[in-house]
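The basis for the numbers below is simple: all heavy atoms, side chains too, and nothing from hydrogens, waters or symmetry mates. Lettering follows sequence order; numbering is per chain, from 1.
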Number of protein chains: 2
Amino acid sequence: MSRAAETVGGETEPWEEVTPDAARRLLVAAVEAFAERGYHATTTRDIAGRAGMSPAALYIHYKTKEELLHRISRIGHDRALAILRTAAGGEGGAADRLADAVSSFVRWHAGRRTTARVVQYELDALGPEARAEILALRRQVDAEVRGIVEDGVAAGEFDVPDVQGTTLAILSLCIDVARWFNIEGPRTPDEVGALYAGLVLRMVGARPPGDART
Amino acid sequence: MSRAAETVGGETEPWEEVTPDAARRLLVAAVEAFAERGYHATTTRDIAGRAGMSPAALYIHYKTKEELLHRISRIGHDRALAILRTAAGGEGGAADRLADAVSSFVRWHAGRRTTARVVQYELDALGPEARAEILALRRQVDAEVRGIVEDGVAAGEFDVPDVQGTTLAILSLCIDVARWFNIEGPRTPDEVGALYAGLVLRMVGARPPGDART
DNA sequence: GCCCTTACTGAGCGAGCGCTTAGGCTCGGG
DNA sequence: CCCGAGCCTAAGCGCTCGCTCAGTAAGGGC
(Lines give C-alpha, C1' and ligand atoms only; values in the text may rest on other atoms or scores of the structure.)
Protein backbone atom coordinates (compact mmCIF):
# COMPACT_ATOMS: atom_id res chain seq x y z
CA MET A 1 0.00 0.00 0.00
CA SER A 2 1.03 3.57 -0.59
CA ARG A 3 2.80 5.96 1.70
CA ALA A 4 -0.26 8.03 2.46
CA ALA A 5 -2.29 4.98 3.43
CA GLU A 6 -1.31 4.96 7.09
CA THR A 7 -2.68 8.46 7.54
CA VAL A 8 -6.11 6.92 7.17
CA GLY A 9 -5.66 3.37 8.35
CA GLY A 10 -3.84 3.93 11.62
CA GLU A 11 -6.49 5.80 13.53
CA THR A 12 -9.68 4.65 15.17
CA GLU A 13 -11.29 8.03 15.92
CA PRO A 14 -9.71 11.16 14.51
CA TRP A 15 -11.13 13.42 17.17
CA GLU A 16 -8.46 12.96 19.85
CA GLU A 17 -7.56 16.64 19.52
CA VAL A 18 -10.96 17.60 20.90
CA THR A 19 -10.98 18.02 24.68
CA PRO A 20 -12.39 17.63 27.25
CA ASP A 21 -13.90 14.19 26.88
CA ALA A 22 -17.50 15.40 27.13
CA ALA A 23 -16.95 17.88 24.29
CA ARG A 24 -15.53 15.10 22.13
CA ARG A 25 -18.45 12.79 22.85
CA LEU A 26 -20.87 15.53 21.86
CA LEU A 27 -18.93 16.20 18.67
CA VAL A 28 -18.85 12.53 17.67
CA ALA A 29 -22.59 12.31 18.35
CA ALA A 30 -23.14 15.38 16.18
CA VAL A 31 -21.14 13.90 13.30
CA GLU A 32 -23.29 10.77 13.35
CA ALA A 33 -26.55 12.69 13.55
CA PHE A 34 -25.62 15.25 10.88
CA ALA A 35 -24.45 12.47 8.53
CA GLU A 36 -27.65 10.46 9.02
CA ARG A 37 -30.25 13.18 8.86
CA GLY A 38 -28.51 16.36 7.74
CA TYR A 39 -27.74 19.44 9.81
CA HIS A 40 -31.15 21.08 9.67
CA ALA A 41 -33.06 17.90 10.46
CA THR A 42 -30.91 17.18 13.51
CA THR A 43 -32.02 18.53 16.87
CA THR A 44 -29.77 19.55 19.71
CA ARG A 45 -31.79 17.18 21.89
CA ASP A 46 -30.83 14.31 19.58
CA ILE A 47 -27.13 15.17 19.74
CA ALA A 48 -27.15 15.47 23.52
CA GLY A 49 -29.16 12.25 23.82
CA ARG A 50 -26.66 10.28 21.73
CA ALA A 51 -23.87 11.57 23.96
CA GLY A 52 -25.81 10.54 27.09
CA MET A 53 -26.37 14.09 28.31
CA SER A 54 -29.16 16.57 28.81
CA PRO A 55 -29.89 19.13 26.08
CA ALA A 56 -28.43 21.93 28.18
CA ALA A 57 -25.03 20.22 28.47
CA LEU A 58 -24.30 20.95 24.82
CA TYR A 59 -24.20 24.69 25.48
CA ILE A 60 -21.48 24.38 28.10
CA HIS A 61 -19.02 23.20 25.45
CA TYR A 62 -20.36 24.92 22.32
CA LYS A 63 -21.97 28.30 21.92
CA THR A 64 -24.43 27.19 19.23
CA LYS A 65 -25.37 24.19 17.13
CA GLU A 66 -23.61 25.89 14.23
CA GLU A 67 -20.34 26.02 16.16
CA LEU A 68 -20.46 22.24 16.37
CA LEU A 69 -20.78 22.00 12.58
CA HIS A 70 -17.99 24.53 12.11
CA ARG A 71 -15.60 22.57 14.32
CA ILE A 72 -16.42 19.31 12.55
CA SER A 73 -16.01 20.88 9.13
CA ARG A 74 -12.73 22.55 10.04
CA ILE A 75 -11.13 19.42 11.50
CA GLY A 76 -12.40 17.28 8.63
CA HIS A 77 -11.05 19.60 5.97
CA ASP A 78 -7.71 19.82 7.76
CA ARG A 79 -7.50 16.04 7.78
CA ALA A 80 -8.47 15.71 4.11
CA LEU A 81 -5.92 18.34 3.11
CA ALA A 82 -3.21 16.62 5.15
CA ILE A 83 -3.90 13.33 3.37
CA LEU A 84 -3.63 14.97 -0.04
CA ARG A 85 -0.45 16.86 0.90
CA THR A 86 1.22 13.65 2.04
CA ALA A 87 0.51 12.05 -1.32
CA ALA A 88 1.34 15.13 -3.37
CA GLY A 89 4.68 15.56 -1.60
CA GLY A 90 5.76 11.97 -2.30
CA GLU A 91 8.84 11.11 -4.29
CA GLY A 92 7.59 9.16 -7.30
CA GLY A 93 6.56 10.47 -10.69
CA ALA A 94 3.37 12.40 -11.25
CA ALA A 95 1.43 9.24 -12.06
CA ASP A 96 2.47 7.56 -8.81
CA ARG A 97 1.69 10.66 -6.80
CA LEU A 98 -1.69 11.15 -8.46
CA ALA A 99 -2.65 7.51 -7.93
CA ASP A 100 -1.53 7.78 -4.31
CA ALA A 101 -3.50 11.00 -3.79
CA VAL A 102 -6.70 9.68 -5.35
CA SER A 103 -6.63 6.33 -3.59
CA SER A 104 -5.92 7.94 -0.20
CA PHE A 105 -8.55 10.62 -0.68
CA VAL A 106 -11.14 8.07 -1.79
CA ARG A 107 -10.29 5.73 1.07
CA TRP A 108 -10.93 8.56 3.50
CA HIS A 109 -14.26 9.47 1.92
CA ALA A 110 -15.36 5.83 1.96
CA GLY A 111 -13.92 4.68 5.27
CA ARG A 112 -14.85 7.78 7.21
CA ARG A 113 -18.04 8.30 5.31
CA THR A 114 -20.03 9.90 8.12
CA THR A 115 -17.43 12.60 8.66
CA ALA A 116 -16.96 13.11 4.92
CA ARG A 117 -20.68 13.55 4.33
CA VAL A 118 -20.89 16.31 6.90
CA VAL A 119 -17.72 17.95 5.62
CA GLN A 120 -18.73 17.88 1.95
CA TYR A 121 -22.49 18.36 2.02
CA GLU A 122 -23.34 20.60 4.98
CA LEU A 123 -21.20 23.56 3.95
CA ASP A 124 -24.20 25.74 3.13
CA ALA A 125 -25.50 25.49 6.69
CA LEU A 126 -22.51 27.52 7.94
CA GLY A 127 -22.66 31.28 8.31
CA PRO A 128 -20.77 33.56 5.90
CA GLU A 129 -17.47 33.87 7.82
CA ALA A 130 -17.23 30.20 8.69
CA ARG A 131 -18.06 29.25 5.12
CA ALA A 132 -15.39 31.58 3.78
CA GLU A 133 -12.80 29.97 6.05
CA ILE A 134 -13.73 26.49 4.82
CA LEU A 135 -13.78 27.58 1.17
CA ALA A 136 -10.18 28.76 1.57
CA LEU A 137 -9.23 25.23 2.65
CA ARG A 138 -11.04 23.82 -0.38
CA ARG A 139 -9.02 26.03 -2.69
CA GLN A 140 -5.89 24.54 -1.13
CA VAL A 141 -7.23 21.05 -1.78
CA ASP A 142 -7.86 21.98 -5.40
CA ALA A 143 -4.39 23.51 -5.75
CA GLU A 144 -2.77 20.35 -4.41
CA VAL A 145 -4.37 18.12 -7.04
CA ARG A 146 -3.91 20.66 -9.82
CA GLY A 147 -0.23 20.80 -8.91
CA ILE A 148 0.23 17.07 -9.51
CA VAL A 149 -1.63 17.24 -12.82
CA GLU A 150 0.49 20.20 -13.97
CA ASP A 151 3.66 18.34 -12.99
CA GLY A 152 2.55 15.36 -15.05
CA VAL A 153 1.80 17.52 -18.08
CA ALA A 154 5.12 19.37 -17.77
CA ALA A 155 7.01 16.07 -17.54
CA GLY A 156 5.18 14.66 -20.55
CA GLU A 157 3.63 11.91 -18.45
CA PHE A 158 0.04 13.14 -18.86
CA ASP A 159 -2.03 14.33 -21.81
CA VAL A 160 -4.54 16.84 -20.41
CA PRO A 161 -6.09 19.51 -22.66
CA ASP A 162 -8.00 21.23 -19.82
CA VAL A 163 -6.02 21.09 -16.58
CA GLN A 164 -8.47 23.05 -14.42
CA GLY A 165 -11.51 21.20 -15.71
CA THR A 166 -9.88 17.82 -15.29
CA THR A 167 -8.76 18.68 -11.77
CA LEU A 168 -12.32 19.65 -10.94
CA ALA A 169 -13.61 16.35 -12.33
CA ILE A 170 -11.04 14.31 -10.38
CA LEU A 171 -11.97 15.97 -7.10
CA SER A 172 -15.67 15.73 -7.89
CA LEU A 173 -15.31 11.99 -8.51
CA CYS A 174 -13.54 11.47 -5.18
CA ILE A 175 -15.88 13.65 -3.14
CA ASP A 176 -19.05 12.03 -4.46
CA VAL A 177 -17.87 8.72 -2.96
CA ALA A 178 -19.17 10.06 0.35
CA ARG A 179 -22.67 10.26 -1.15
CA TRP A 180 -23.02 6.72 -2.49
CA PHE A 181 -20.57 4.58 -0.55
CA ASN A 182 -22.21 1.99 1.67
CA ILE A 183 -20.28 0.10 4.34
CA GLU A 184 -22.44 -2.95 3.77
CA GLY A 185 -21.98 -2.77 -0.01
CA PRO A 186 -19.82 -5.14 -2.02
CA ARG A 187 -16.68 -2.97 -2.07
CA THR A 188 -14.15 -2.07 0.62
CA PRO A 189 -12.71 1.45 0.79
CA ASP A 190 -9.38 0.02 -0.41
CA GLU A 191 -10.99 -1.53 -3.47
CA VAL A 192 -12.79 1.69 -4.42
CA GLY A 193 -9.54 3.60 -3.92
CA ALA A 194 -7.67 1.26 -6.28
CA LEU A 195 -10.46 1.34 -8.88
CA TYR A 196 -10.64 5.13 -8.82
CA ALA A 197 -6.86 5.58 -9.01
CA GLY A 198 -6.87 3.56 -12.23
CA LEU A 199 -9.79 5.50 -13.69
CA VAL A 200 -8.15 8.83 -12.90
CA LEU A 201 -4.86 7.78 -14.50
CA ARG A 202 -6.84 7.07 -17.66
CA MET A 203 -8.55 10.47 -17.41
CA VAL A 204 -5.20 12.24 -17.48
CA GLY A 205 -3.91 10.07 -20.31
CA ALA A 206 -1.19 8.40 -18.25
CA ARG A 207 0.11 5.01 -19.28
CA PRO A 208 -0.92 2.49 -16.60
CA PRO A 209 2.09 1.03 -14.75
CA GLY A 210 3.61 -1.85 -16.70
CA ASP A 211 1.76 -0.96 -19.90
CA ALA A 212 4.07 -1.27 -22.85
CA ARG A 213 1.89 0.57 -25.40
CA THR A 214 2.81 3.97 -26.65
CA MET B 1 -24.81 18.82 -31.31
CA SER B 2 -26.06 15.37 -30.47
CA ARG B 3 -29.50 13.91 -30.90
CA ALA B 4 -30.36 13.97 -27.19
CA ALA B 5 -29.44 17.63 -26.92
CA GLU B 6 -32.79 19.07 -27.83
CA THR B 7 -34.44 17.19 -24.97
CA VAL B 8 -32.68 19.64 -22.70
CA GLY B 9 -32.25 22.73 -24.80
CA GLY B 10 -35.73 23.16 -26.20
CA GLU B 11 -37.66 23.73 -23.03
CA THR B 12 -37.92 26.76 -20.80
CA GLU B 13 -39.65 25.22 -17.78
CA PRO B 14 -40.14 21.47 -17.69
CA TRP B 15 -43.16 21.60 -15.43
CA GLU B 16 -45.87 22.16 -18.02
CA GLU B 17 -47.39 18.81 -17.08
CA VAL B 18 -48.28 20.20 -13.64
CA THR B 19 -51.74 21.74 -13.50
CA PRO B 20 -53.50 23.92 -12.52
CA ASP B 21 -51.34 26.98 -12.84
CA ALA B 22 -51.30 27.70 -9.12
CA ALA B 23 -50.04 24.20 -8.36
CA ARG B 24 -47.25 24.65 -10.88
CA ARG B 25 -46.21 28.00 -9.45
CA LEU B 26 -46.03 26.45 -5.99
CA LEU B 27 -43.96 23.56 -7.30
CA VAL B 28 -41.50 25.83 -9.10
CA ALA B 29 -41.18 27.91 -5.94
CA ALA B 30 -40.52 24.74 -3.94
CA VAL B 31 -37.79 23.63 -6.35
CA GLU B 32 -36.01 26.95 -5.94
CA ALA B 33 -36.32 26.96 -2.17
CA PHE B 34 -35.30 23.31 -1.71
CA ALA B 35 -32.30 23.79 -4.00
CA GLU B 36 -31.14 26.91 -2.18
CA ARG B 37 -31.62 25.89 1.42
CA GLY B 38 -32.42 22.18 1.48
CA TYR B 39 -35.75 20.50 2.18
CA HIS B 40 -35.62 20.63 5.96
CA ALA B 41 -34.49 24.25 6.11
CA THR B 42 -37.30 25.37 3.79
CA THR B 43 -40.60 26.44 5.37
CA THR B 44 -44.00 26.09 3.80
CA ARG B 45 -44.43 29.83 4.38
CA ASP B 46 -41.34 30.48 2.25
CA ILE B 47 -42.65 28.34 -0.61
CA ALA B 48 -46.07 29.98 -0.54
CA GLY B 49 -44.48 33.43 -0.31
CA ARG B 50 -42.31 32.85 -3.40
CA ALA B 51 -45.43 31.77 -5.28
CA GLY B 52 -47.25 34.91 -4.11
CA MET B 53 -49.80 33.07 -1.97
CA SER B 54 -50.71 32.62 1.65
CA PRO B 55 -49.29 29.62 3.56
CA ALA B 56 -52.68 27.88 3.56
CA ALA B 57 -52.93 27.92 -0.25
CA LEU B 58 -50.23 25.24 -0.44
CA TYR B 59 -52.49 22.70 1.24
CA ILE B 60 -55.24 23.09 -1.33
CA HIS B 61 -52.96 21.61 -4.01
CA TYR B 62 -50.70 19.33 -1.97
CA LYS B 63 -51.49 17.22 1.06
CA THR B 64 -48.12 17.80 2.74
CA LYS B 65 -44.76 19.45 2.18
CA GLU B 66 -43.34 15.99 1.52
CA GLU B 67 -45.78 15.43 -1.33
CA LEU B 68 -44.28 18.46 -3.03
CA LEU B 69 -40.81 16.95 -2.78
CA HIS B 70 -42.09 13.62 -4.00
CA ARG B 71 -43.68 15.16 -7.10
CA ILE B 72 -40.53 17.13 -7.88
CA SER B 73 -38.32 14.09 -7.42
CA ARG B 74 -40.57 11.87 -9.53
CA ILE B 75 -40.83 14.30 -12.45
CA GLY B 76 -37.10 15.07 -12.30
CA HIS B 77 -36.09 11.43 -12.33
CA ASP B 78 -38.45 10.71 -15.20
CA ARG B 79 -36.88 13.52 -17.19
CA ALA B 80 -33.31 12.39 -16.42
CA LEU B 81 -34.12 8.82 -17.37
CA ALA B 82 -35.75 9.95 -20.62
CA ILE B 83 -32.64 11.90 -21.55
CA LEU B 84 -30.41 8.88 -20.93
CA ARG B 85 -32.71 6.54 -22.84
CA THR B 86 -32.72 8.83 -25.87
CA ALA B 87 -28.93 8.74 -25.95
CA ALA B 88 -28.63 5.03 -25.16
CA GLY B 89 -31.08 4.13 -27.93
CA GLY B 90 -29.15 6.04 -30.57
CA GLU B 91 -27.72 4.43 -33.63
CA GLY B 92 -23.97 5.01 -33.44
CA GLY B 93 -21.35 2.79 -31.85
CA ALA B 94 -21.00 2.41 -28.10
CA ALA B 95 -18.50 5.27 -27.89
CA ASP B 96 -20.85 7.68 -29.67
CA ARG B 97 -23.79 6.63 -27.53
CA LEU B 98 -21.80 6.88 -24.30
CA ALA B 99 -20.50 10.33 -25.23
CA ASP B 100 -24.02 11.41 -26.13
CA ALA B 101 -25.44 10.03 -22.87
CA VAL B 102 -22.80 11.66 -20.68
CA SER B 103 -22.92 15.03 -22.38
CA SER B 104 -26.75 15.14 -22.29
CA PHE B 105 -26.89 14.00 -18.69
CA VAL B 106 -24.26 16.51 -17.63
CA ARG B 107 -25.94 19.32 -19.55
CA TRP B 108 -29.14 18.59 -17.67
CA HIS B 109 -27.41 18.56 -14.27
CA ALA B 110 -25.64 21.83 -15.07
CA GLY B 111 -28.37 23.68 -16.95
CA ARG B 112 -31.21 22.67 -14.66
CA ARG B 113 -29.06 22.71 -11.57
CA THR B 114 -31.77 23.68 -9.11
CA THR B 115 -33.98 20.77 -10.12
CA ALA B 116 -31.04 18.38 -10.21
CA ARG B 117 -29.91 19.33 -6.72
CA VAL B 118 -33.32 18.57 -5.28
CA VAL B 119 -33.59 15.35 -7.24
CA GLN B 120 -30.15 14.06 -6.32
CA TYR B 121 -29.61 15.32 -2.79
CA GLU B 122 -32.97 15.39 -1.02
CA LEU B 123 -33.85 11.72 -1.48
CA ASP B 124 -33.42 10.94 2.22
CA ALA B 125 -36.15 13.41 3.15
CA LEU B 126 -38.77 11.21 1.48
CA GLY B 127 -40.70 8.58 3.40
CA PRO B 128 -40.01 4.87 2.87
CA GLU B 129 -42.55 4.17 0.07
CA ALA B 130 -41.73 7.30 -1.91
CA ARG B 131 -38.01 6.63 -1.54
CA ALA B 132 -38.44 3.05 -2.77
CA GLU B 133 -40.27 4.30 -5.85
CA ILE B 134 -37.47 6.75 -6.66
CA LEU B 135 -34.75 4.16 -6.03
CA ALA B 136 -36.37 1.92 -8.64
CA LEU B 137 -35.99 4.74 -11.17
CA ARG B 138 -32.34 5.12 -10.18
CA ARG B 139 -31.70 1.46 -10.85
CA GLN B 140 -33.09 1.99 -14.35
CA VAL B 141 -30.71 4.93 -14.82
CA ASP B 142 -27.82 2.73 -13.74
CA ALA B 143 -28.92 -0.09 -16.06
CA GLU B 144 -29.08 2.29 -19.01
CA VAL B 145 -25.46 3.40 -18.63
CA ARG B 146 -24.22 -0.08 -17.76
CA GLY B 147 -25.86 -1.34 -20.93
CA ILE B 148 -23.84 1.02 -23.10
CA VAL B 149 -20.61 0.09 -21.33
CA GLU B 150 -21.35 -3.62 -21.76
CA ASP B 151 -22.10 -3.09 -25.44
CA GLY B 152 -18.77 -1.34 -25.87
CA VAL B 153 -16.88 -4.10 -24.12
CA ALA B 154 -18.64 -6.81 -26.14
CA ALA B 155 -17.86 -4.96 -29.38
CA GLY B 156 -14.21 -4.59 -28.43
CA GLU B 157 -14.52 -0.80 -28.42
CA PHE B 158 -13.93 -0.41 -24.67
CA ASP B 159 -11.41 -1.85 -22.23
CA VAL B 160 -13.18 -2.01 -18.85
CA PRO B 161 -12.00 -4.47 -16.18
CA ASP B 162 -14.81 -3.61 -13.72
CA VAL B 163 -18.03 -2.77 -15.58
CA GLN B 164 -20.23 -2.18 -12.53
CA GLY B 165 -17.63 -0.08 -10.72
CA THR B 166 -16.90 2.00 -13.79
CA THR B 167 -20.61 2.57 -14.42
CA LEU B 168 -20.96 3.76 -10.85
CA ALA B 169 -18.06 6.15 -11.29
CA ILE B 170 -19.45 7.56 -14.55
CA LEU B 171 -22.83 8.27 -13.00
CA SER B 172 -21.22 9.65 -9.87
CA LEU B 173 -19.16 12.05 -11.97
CA CYS B 174 -22.24 13.30 -13.83
CA ILE B 175 -24.45 13.63 -10.76
CA ASP B 176 -21.89 15.58 -8.76
CA VAL B 177 -22.04 18.32 -11.39
CA ALA B 178 -25.23 19.45 -9.66
CA ARG B 179 -23.23 20.09 -6.48
CA TRP B 180 -20.43 22.27 -7.85
CA PHE B 181 -21.77 23.81 -11.06
CA ASN B 182 -22.25 27.56 -10.90
CA ILE B 183 -24.19 29.47 -13.54
CA GLU B 184 -21.88 32.45 -13.08
CA GLY B 185 -18.77 30.27 -13.35
CA PRO B 186 -16.47 30.19 -16.38
CA ARG B 187 -18.05 27.16 -18.08
CA THR B 188 -21.35 26.70 -19.91
CA PRO B 189 -23.33 23.48 -19.48
CA ASP B 190 -22.39 22.56 -23.07
CA GLU B 191 -18.69 22.96 -22.33
CA VAL B 192 -18.86 20.83 -19.21
CA GLY B 193 -20.82 18.19 -21.13
CA ALA B 194 -18.16 18.04 -23.85
CA LEU B 195 -15.31 17.93 -21.34
CA TYR B 196 -16.95 15.14 -19.36
CA ALA B 197 -17.80 13.09 -22.44
CA GLY B 198 -14.11 13.09 -23.35
CA LEU B 199 -13.04 12.15 -19.84
CA VAL B 200 -15.52 9.28 -19.67
CA LEU B 201 -14.38 7.90 -23.03
CA ARG B 202 -10.88 7.78 -21.58
CA MET B 203 -12.17 6.04 -18.45
CA VAL B 204 -13.61 3.20 -20.53
CA GLY B 205 -10.49 2.92 -22.65
CA ALA B 206 -12.16 4.04 -25.88
CA ARG B 207 -10.06 5.54 -28.63
CA PRO B 208 -11.10 9.19 -29.06
CA PRO B 209 -12.78 9.84 -32.44
CA GLY B 210 -10.20 10.40 -35.14
CA ASP B 211 -7.35 9.05 -33.04
CA ALA B 212 -5.09 6.88 -35.19
CA ARG B 213 -3.23 5.14 -32.34
CA THR B 214 -3.78 1.46 -31.61
C1' DG C 1 -14.81 23.21 57.49
C1' DC C 2 -15.30 26.51 53.92
C1' DC C 3 -15.60 28.34 49.50
C1' DC C 4 -14.80 28.66 44.73
C1' DT C 5 -14.67 26.51 40.16
C1' DT C 6 -16.23 23.15 36.83
C1' DA C 7 -19.74 20.23 34.80
C1' DC C 8 -24.10 19.14 34.57
C1' DT C 9 -29.57 18.80 35.02
C1' DG C 10 -34.71 20.03 35.13
C1' DA C 11 -37.73 23.17 33.76
C1' DG C 12 -39.10 26.18 30.59
C1' DC C 13 -39.03 30.61 27.40
C1' DG C 14 -40.09 32.79 23.00
C1' DA C 15 -40.27 31.76 18.34
C1' DG C 16 -41.42 29.47 14.42
C1' DC C 17 -42.87 25.15 12.53
C1' DG C 18 -46.46 22.11 9.60
C1' DC C 19 -50.91 22.13 9.09
C1' DT C 20 -56.25 23.19 9.95
C1' DT C 21 -60.41 25.65 10.06
C1' DA C 22 -63.95 29.06 9.09
C1' DG C 23 -65.23 32.04 6.01
C1' DG C 24 -65.12 35.12 1.72
C1' DC C 25 -64.51 36.11 -3.23
C1' DT C 26 -65.41 34.92 -8.09
C1' DC C 27 -67.68 32.51 -11.67
C1' DG C 28 -70.51 29.65 -14.97
C1' DG C 29 -75.10 27.40 -15.10
C1' DG C 30 -80.00 27.61 -14.22
C1' DC D 1 -80.72 36.81 -9.54
C1' DC D 2 -79.25 33.22 -6.91
C1' DC D 3 -76.41 29.23 -6.06
C1' DG D 4 -72.82 25.94 -5.28
C1' DA D 5 -68.08 24.72 -6.64
C1' DG D 6 -63.41 26.04 -6.79
C1' DC D 7 -59.81 28.69 -4.94
C1' DC D 8 -57.97 31.52 -1.71
C1' DT D 9 -56.97 34.12 3.01
C1' DA D 10 -56.76 35.38 8.16
C1' DA D 11 -56.26 33.44 12.19
C1' DG D 12 -54.55 30.25 14.96
C1' DC D 13 -53.77 25.24 17.11
C1' DG D 14 -50.56 22.11 19.00
C1' DC D 15 -46.03 21.12 18.89
C1' DT D 16 -41.03 21.20 18.76
C1' DC D 17 -37.24 23.93 17.99
C1' DG D 18 -32.61 26.34 19.68
C1' DC D 19 -31.31 28.07 23.63
C1' DT D 20 -31.35 29.89 28.81
C1' DC D 21 -31.13 29.83 33.69
C1' DA D 22 -31.33 28.71 38.52
C1' DG D 23 -29.85 25.15 41.16
C1' DT D 24 -26.90 20.95 42.46
C1' DA D 25 -23.16 17.86 43.11
C1' DA D 26 -18.16 16.84 42.98
C1' DG D 27 -13.42 18.11 43.66
C1' DG D 28 -9.34 20.85 45.08
C1' DG D 29 -6.79 24.61 47.81
C1' DC D 30 -6.33 26.65 52.25
Does anything in residues 46-54 of chain B come within less than 4.0 Å of DNA chain D? Heavy atoms only, and list the residues if so. B/Met53, B/Ser54
Taking the side chain as every heavy atom from C-beta outward, state whether [X] and [Y] have any atom pair closer than 4.5 Å.
| X | Y | value |
| --- | --- | --- |
| A/Ile170 | A/Tyr196 | no |
| B/Leu123 | B/Arg138 | yes |
| B/Phe105 | B/Val177 | no |
| A/Leu58 | A/Leu68 | yes |

Paired stems touching DNA chain C, three or more consecutive Watson-Crick or G-U pairs with both distances under 3.5 Å? C:1-30 with D:1-30
Considering only residues two or more places apart or on different chains, which pairs with a residue in [range] satisfy salt bridge (charged side-chain N to carboxylate O under 4.0 Å, His left out)?
| range | answer |
| --- | --- |
| residues 113-123 of chain B | A/Asp124-B/Arg117 |
| residues 160-171 of chain A | A/Asp162-B/Arg187 |
| residues 170-185 of chain B | B/Asp176-B/Arg179 |

Residues two or more places apart in sequence or in another chain: which of them pass salt bridge (charged side-chain N to carboxylate O under 4.0 Å, His left out) with A/Arg24? A/Asp21
Under the salt bridge (charged side-chain N to carboxylate O under 4.0 Å, His left out) test, residues paired with B/Glu36 that sit two or more places apart: B/Arg50
Partners meeting side chain to side chain contact (heavy atoms under 4.5 Å, CB included) with B/Asp78 (sequence neighbours left out): B/Arg74, B/Leu137
If you look only at pairs with a residue in residues 35-85 of chain A, which of them pass as a ring-ring contact (aromatic ring centres under 6.0 Å, His included), with sequence neighbours excluded? A/Phe34-A/Tyr39
How does each nucleotide of nucleotides 17-22 of chain C score, in 5' to 3' order, for protein heavy atoms under 4.0 Å: base (B), sugar-phosphate only (S), or none (-)? BBBBB-
5' to 3' contact window, DNA chain D with chain B (heavy-atom distance under 4.0 Å): D/dC8 to D/dG12
Kindly write out the residues that satisfy side-chain hydrogen bond (donor to acceptor under 3.5 Å, both in side chains) with A/Glu144, not counting sequence neighbours, or none if the list is empty. A/Arg85
